[in-house]
Amino acid sequence: MRTTGEIIKELREAHGLSKQRLAELLDLKSYTTVSKWEVDENHPRGKEIKMLCTLFNISADYLLGLKDENVIPLFNYKYIPSSISAGLPLTVDTVADYECETIALPDNVMGKWARNKDVFFLKVNGDSMNKIFPNDALIGVKMISLSELNDKDIVVFNYDNEYSVKRFMKNERANKLIFRPESNDETFTDIVIEEEQKDLVQIVGKVVVYIVTA
């Protein structure tokens, strides 16, 4: 039977957390507390057990080694809490300037993108893509360049310092970029980028997964 310390270490490493980071998430004074837990020199109690169970999506019996469970592995992804617009573009700072939070998601909802460190999450704000995902959905975005995009990829992009998410359409014949909404609301229209405007476009990444939160 595994000890509580062995289980904590296994969960921490599976989530890609350092001892310091786990201590911060649990509001502990020092990472040495985690170190002592992991060698069973000390053990978490009360509030700490509850916080560990919430963080890792496990029961107290599992944490204490009293019960085996089919635990679905979780992984921490970067999460930018400010919503991205799926309707009218939302003006925000560049993604790189954000101090990202983290969001723990189970591997089974991520499919082939599970544990991919190039994927980060945003929240949709708007209805211009509601045929694909609704307002308030979480979207997983893989950082990618314009040259790597395929026609009809769904992308997060920055146009003239405004961010949005749309279907990417490449009109090579007319030498234009088209970002198309897919909405039940027909008032949303294409954003068309002419040749001379292309320098104002920055592709942040393509949407590889979405999660409906409601």
Side-chain angles (χ1 to χ4, degrees), residues 6-28 31 34-35 37-38 51-58 62-63 69-86 90 92-125 129 132-134 136-159 161 163-168 179 201-213:
E6 290 171 339
I7 292 169
I8 292 173
K9 182 178 180 180
E10 178 183 281
L11 291 167
R12 176 180 64 78
E13 291 179 344
H15 287 71
L17 299 174
S18 65
K19 293 177 183 178
Q20 179 64 43
R21 182 56 180 154
L22 179 56
E24 291 171 354
L25 292 172
L26 299 175
D27 199 25
L28 301 174
Y31 74 91
V34 176
S35 296
W37 287 349
E38 292 187 356
M51 292 176 73
L52 284 164
C53 291
T54 299
L55 178 64
F56 294 127
N57 193 31
I58 56 173
Y62 179 85
L63 180 67
E69 297 176 358
N70 293 321
V71 178
I72 299 174
L74 297 176
F75 186 77
N76 286 320
Y77 299 87
K78 291 181 180 179
Y79 172 60
I80 299 174
S82 297
S83 297
I84 197 76
S85 178
L90 176 69
V92 294
D93 296 329
T94 60
V95 172
D97 289 339
Y98 273 101
E99 183 176 343
C100 293
E101 298 180 3
T102 58
I103 183 169
L105 296 170
D107 288 354
N108 63 337
V109 305
M110 293 297 294
K112 70 176 184 178
W113 302 105
R115 301 179 180 267
N116 190 311
K117 294 181 179 180
D118 290 331
V119 175
F120 66 94
F121 278 83
L122 298 164
K123 181 173 282 190
V124 171
N125 175 27
M129 292 297 290
I132 309 298
F133 37 72
D136 282 340
L138 288 173
I139 52 174
V141 181
K142 183 180 186 299
M143 290 177 281
I144 196 170
S145 67
L146 177 60
S147 62
E148 297 174 288
L149 284 180
N150 294 314
D151 196 43
K152 298 186 180 180
D153 280 343
I154 298 176
V155 301
V156 174
F157 66 101
N158 171 8
Y159 173 53
N161 294 319
Y163 284 81
S164 191
V165 54
K166 298 288 184 290
R167 178 81 69 182
F168 172 71
F179 297 94
V201 176
Q202 174 200 8
I203 301 299
V204 177
K206 73 174 183 177
V207 177
V208 295
V209 65
Y210 71 88
I211 301 168
V212 178
T213 57

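Each residue takes its place number in the sequence, starting with 1. The structure presented is a predicted model; accordingly, all values stated were derived computationally and were not measured.
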Q.
Please enumerate all residues that pass side chain to side chain donor-acceptor pair (under 3.5 Å) together with Y210, with sequence neighbours excluded.
A. none

Which heavy atom of [X] sits nearest to which heavy atom of [Y], and what is that distance?
{"X": "A104", "Y": "N76", "result": "CB-OD1, 3.2 Å"}
{"X": "V212", "Y": "P134", "result": "CG2-CD, 3.9 Å"}
{"X": "R21", "Y": "S18", "result": "N-OG, 3.0 Å"}
{"X": "V204", "Y": "N158", "result": "CG2-N, 4.5 Å"}
{"X": "R167", "Y": "I132", "result": "NH2-CD1, 3.7 Å"}
{"X": "L52", "Y": "I58", "result": "O-CG1, 4.3 Å"}

Q: For Y159, look at atom OH and say whether over 12 heavy atoms of other residues, nucleotides or ligands are found less than 6.0 Å away.
A: yes

Q: Take V119 and M110 through the test side-chain contact (heavy atoms from CB on, under 4.5 Å) and record every step on the way to the result.
A: CA-CA 10 Å; V119 175; M110 293 297 294; 4.2 Å; yes

**Q.** Pairwise salt bridge (charged side-chain N to carboxylate O under 4.0 Å, His left out) hits with a residue in residues 148-157, at least two apart
**A.** none

[atom1] of [X] to [atom2] of [Y]: how many Å apart, nearest 0.5 Å?
{"X": "L122", "Y": "Y163", "atom1": "CG", "atom2": "OH", "answer": "10.0 Å"}
{"X": "L55", "Y": "L25", "atom1": "CG", "atom2": "CG", "answer": "6.0 Å"}
{"X": "Y62", "Y": "I7", "atom1": "OH", "atom2": "CD1", "answer": "6.0 Å"}
{"X": "L146", "Y": "I203", "atom1": "CG", "atom2": "CD1", "answer": "5.0 Å"}
{"X": "M51", "Y": "L26", "atom1": "CE", "atom2": "CG", "answer": "5.0 Å"}
{"X": "K19", "Y": "W37", "atom1": "NZ", "atom2": "CH2", "answer": "12.5 Å"}

Q: Could you walk me through whether F121 and V209 pass the side-chain contact (heavy atoms from CB on, under 4.5 Å) test, one step at a time?
A: CA-CA 9 Å; F121 278 83; V209 65; 4.0 Å; yes

Q) Considering residues at least two apart in sequence or located in another chain, which fulfil the side-chain contact (heavy atoms from CB on, under 4.5 Å) criterion with K9? A) R12, E13, E38

Q) Between F75 and Y77, is the gap from one ring center to the other below 6.0 Å? A) yes

Q: Evaluate side-chain contact (heavy atoms from CB on, under 4.5 Å) for F168 paired with F179, printing each intermediate quantity in order.
A: CA-CA 5 Å; F168 172 71; F179 297 94; 3.7 Å; yes

(Q) side-chain contact (heavy atoms from CB on, under 4.5 Å), that's the test. Do F56 and L22 meet it? Break it down for me. (A) CA-CA 11 Å; F56 294 127; L22 179 56; 4.0 Å; yes

Q: State, yes or no, whether a side-chain contact exists between M129 and V124 at a heavy-atom distance under 4.5 Å.
A: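 No. Closest side-chain heavy atoms not under 4.5 Å.
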
